Amino acid sequence: MRFQAPRGTQDVLPSDSYKWLHLEATFRDLVSLYGYEEIRTPTFEDTELFTRTAGETSDIVTKQMYSFLDKGDRSITLKPEGTAPAIRALIQHNLCPPGTVTRLSYITPVFRYERPQKGRFREPHQFGLELVGSSAATADAEVIEVTVRFFEAAGVPDLFVLLNSIGREACRQGYSEAILRFTASFMADQPEEFRAKVNKNPLRFLDSKDEAIQVLLKELPPISEFWEEDTRARFDRVQKLLTAAEVPYRLAPEIVRGLDYYTETVFEVHSSYLGSQSALCGGGRYDNLIKELGGSDLPSVGVGIGVERTLMVVEEVGKNPQVPAPDVFIVAAGAEAFEACHAMARELRNGRLKTLMDLEPRSMKAQLRQADKAGVRFAAILGEDEMAKGVVQVRDLLKGEQHEVPSVGVVDWLKTR
């Protein structure tokens, strides 16, 4: 039997892994400038962690989670998103005592059972940020700005933010009641499963991609008519901060996000370069989540970024990094120089030069073919004559030039070039 990767997963081959490494380094370097520290959480968690945070009626819980009973009859779930595990760890290890602010980042696989298609997998990967301990509008603006700066650093053009606020409990309650009243006649003809989901959380109605529903929603009053006064003032402050940071944004009342734990600010980052499929990622504030999970009453805001989606966009805009070629290929000009070539390889690698050489003594012609195939710029040739003189013949395979370089200075000579 010939095995293949499970449906909805992919192997990242050496020809592509450098793109992942480059994007991960871009993310880590950028968020570290803002003080975010990396956290790594287990691949699986107690199922209840996700049913309590994502919402029992969410698509993630009802349709997409990989859940199973372990050998102790405990219900375990492969994590479908990164926020809940990060917050569980923050509570468990007391990473954010009241009165402090904690900034966390992560890069993690997540698992969702859904129909695979281009850019959508059953084991996708996420970049994530969680800023915990501040209710200030500056925290919202910071997470949004960091997210936009990351996409800029990755090379994605024409960025803008879709911004909304879904208010606090009184706002969401009033707006939910308005949705149910406004859609009552439409809902009467809908399947029981859909009605149950909307009744449990009427804001989910706004997530629907059904064209008939979208037409109906155009007549629905905007959620801004239900905002509390402090929510309105806070949202105005977020907008002023984004303007000051030169982060382009548009107000988008239809943005509510698909998880039950969001409160107040919600956002998505888009690129107009991508046309109708412009969405890159989304996030928002979740002030009640930590308390609901048994922790302190800590306000929080975060974002989740799809790695595969970002890689697709970076490739589409032509910003993929070049494949990093080795620096040097050491050529043994005769079997008697083979051991000396190994010693030189160690010296070059200690000097942080990416160095290749053949594993067995072969002809110079065969070794140079390997160097050319590997895309190496320089071939360092060492034979009996060179060993006797204390030199190395360094051939520039790009220019076709050859230089005789003292062995003791070959590392510095190559580094300068």
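Being a predicted model, the structure only gives us computed values, none of them experimental.
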Below 30° counts as parallel, above 60° as perpendicular, anything between as tilted: where do the rings of His403 and Trp413 land? tilted

Whether Tyr36 and Tyr34 hold their rings parallel, tilted or perpendicular, with breakpoints at 30° and 60°: tilted

Can you confirm if the NZ or CZ of Arg250 lies within 45° of the ring axis of Phe160 and under 6.0 Å from the centre of its six-membered ring? yes

Got a sec: does the [atom1] of [X] have more than 12 other heavy atoms crowding it under 6.0 Å?
X      : atom1 : value
Glu37  : CD    : no
Glu169 : CD    : no
Gln117 : CD    : yes
Tyr113 : OH    : no
Gln10  : CD    : yes
Tyr249 : OH    : yes
Glu384 : CD    : no
Arg237 : CZ    : no

Begin with the C-alpha distance, continue with both residues' side-chain angles, and end with the deciding distance and a verdict on side chain to side chain contact (heavy atoms under 4.5 Å, CB included) for Leu280 and Ile305. CA-CA 7 Å; Leu280 295 168; Ile305 301 169; over 6 Å; no

Do any N or O atoms from the side chain of [X] and from the backbone of [Y] form a donor-acceptor pair under 3.5 angstrom?
X      : Y      : result
Asp70  : Arg74  : yes
Thr108 : Gln126 : no
Glu81  : Ala84  : yes
Asn350 : Arg346 : yes
Glu386 : Gly383 : yes
Gln367 : Ala332 : yes
Thr47  : Ser75  : yes
Thr355 : Leu353 : yes
Asp11  : Ala5   : no
Ser165 : Gly167 : yes

Decide, yes or no, whether a salt bridge links [X] with [Y] under the criterion of side-chain N to carboxylate O below 4.0 Å.
X      : Y      : value
Arg40  : Glu38  : yes
Asp16  : Lys19  : yes
Arg395 : Glu401 : no

Would you say the ring centroid of His22 lies under 6.0 angstrom from that of Tyr18? no

For Phe378 together with Phe329, are the ring centres under 6.0 Å from each other? no

Any [X] side-chain heavy atom under 4.5 Å of [Y] side chain:
X      : Y      : answer
Val156 : Lys319 : no
Ile39  : Leu95  : yes
Ile166 : Ile223 : yes
Glu142 : Arg103 : yes
Cys281 : Thr147 : yes
Ser278 : Ser271 : no
Leu293 : Ile87  : yes
Val238 : Thr138 : no

Under 3.5 Å, is there a donor on one side chain and an acceptor on the other for Lys79 and Thr43? no

Would you say the side-chain atoms of Asp396 and Gln402 include a donor-acceptor pair closer than 3.5 Å? no

Can you spot which of Tyr106, Phe150, Trp20 makes a ring-ring contact (aromatic ring centres under 6.0 Å, His included) with Phe127? Phe150

What closest approach, in Å, do [X] and [Y] show between heavy atoms, and which atom pair accounts for it?
X      : Y      : answer
Val247 : Ile144 : CG1-CG2, 4.4 Å
Cys171 : Phe226 : CB-O, 3.3 Å
Ser17  : Val12  : CA-CG1, 3.7 Å
Val392 : Ser407 : CG2-OG, 3.7 Å
Gly302 : Glu130 : CA-OE1, 3.7 Å
Phe111 : Glu123 : CE2-CG, 3.3 Å

Report the C-alpha separation of Glu292 and Arg52 in whole Å, then their side-chain angles, then the decisive distance to 0.1 Å, and conclude whether the salt bridge (Lys or Arg N to Asp or Glu O under 4.0 Å) test is met. CA-CA 8 Å; Glu292 289 175 359; Arg52 291 183 61 181; over 6 Å; no

Side chain to side chain donor-acceptor pair (under 3.5 Å) between Lys291 and Ser296: does it pass, once the steps are laid out? CA-CA 5 Å; Lys291 186 176 180 180; Ser296 301; over 6 Å; no

Give the intermediate values and the outcome of side chain to side chain contact (heavy atoms under 4.5 Å, CB included) for residues Arg7 and Arg122. CA-CA 8 Å; Arg7 186 168 186 259; Arg122 291 176 175 173; 3.1 Å; yes

Before giving the answer on side chain to side chain contact (heavy atoms under 4.5 Å, CB included), spell out for Phe27 and Thr310 the whole-Å C-alpha distance, their side-chain angles and the decisive distance to 0.1 Å. CA-CA 11 Å; Phe27 176 77; Thr310 304; over 6 Å; no

As a test of understanding, state which of Arg232, Arg168, Arg285 forms a salt bridge (Lys or Arg N to Asp or Glu O under 4.0 Å) with Glu264. Arg168

Can you list the steps and then say if Val410 with Leu348 is a side chain to side chain contact (heavy atoms under 4.5 Å, CB included)? CA-CA 8 Å; Val410 69; Leu348 295 178; 4.1 Å; yes

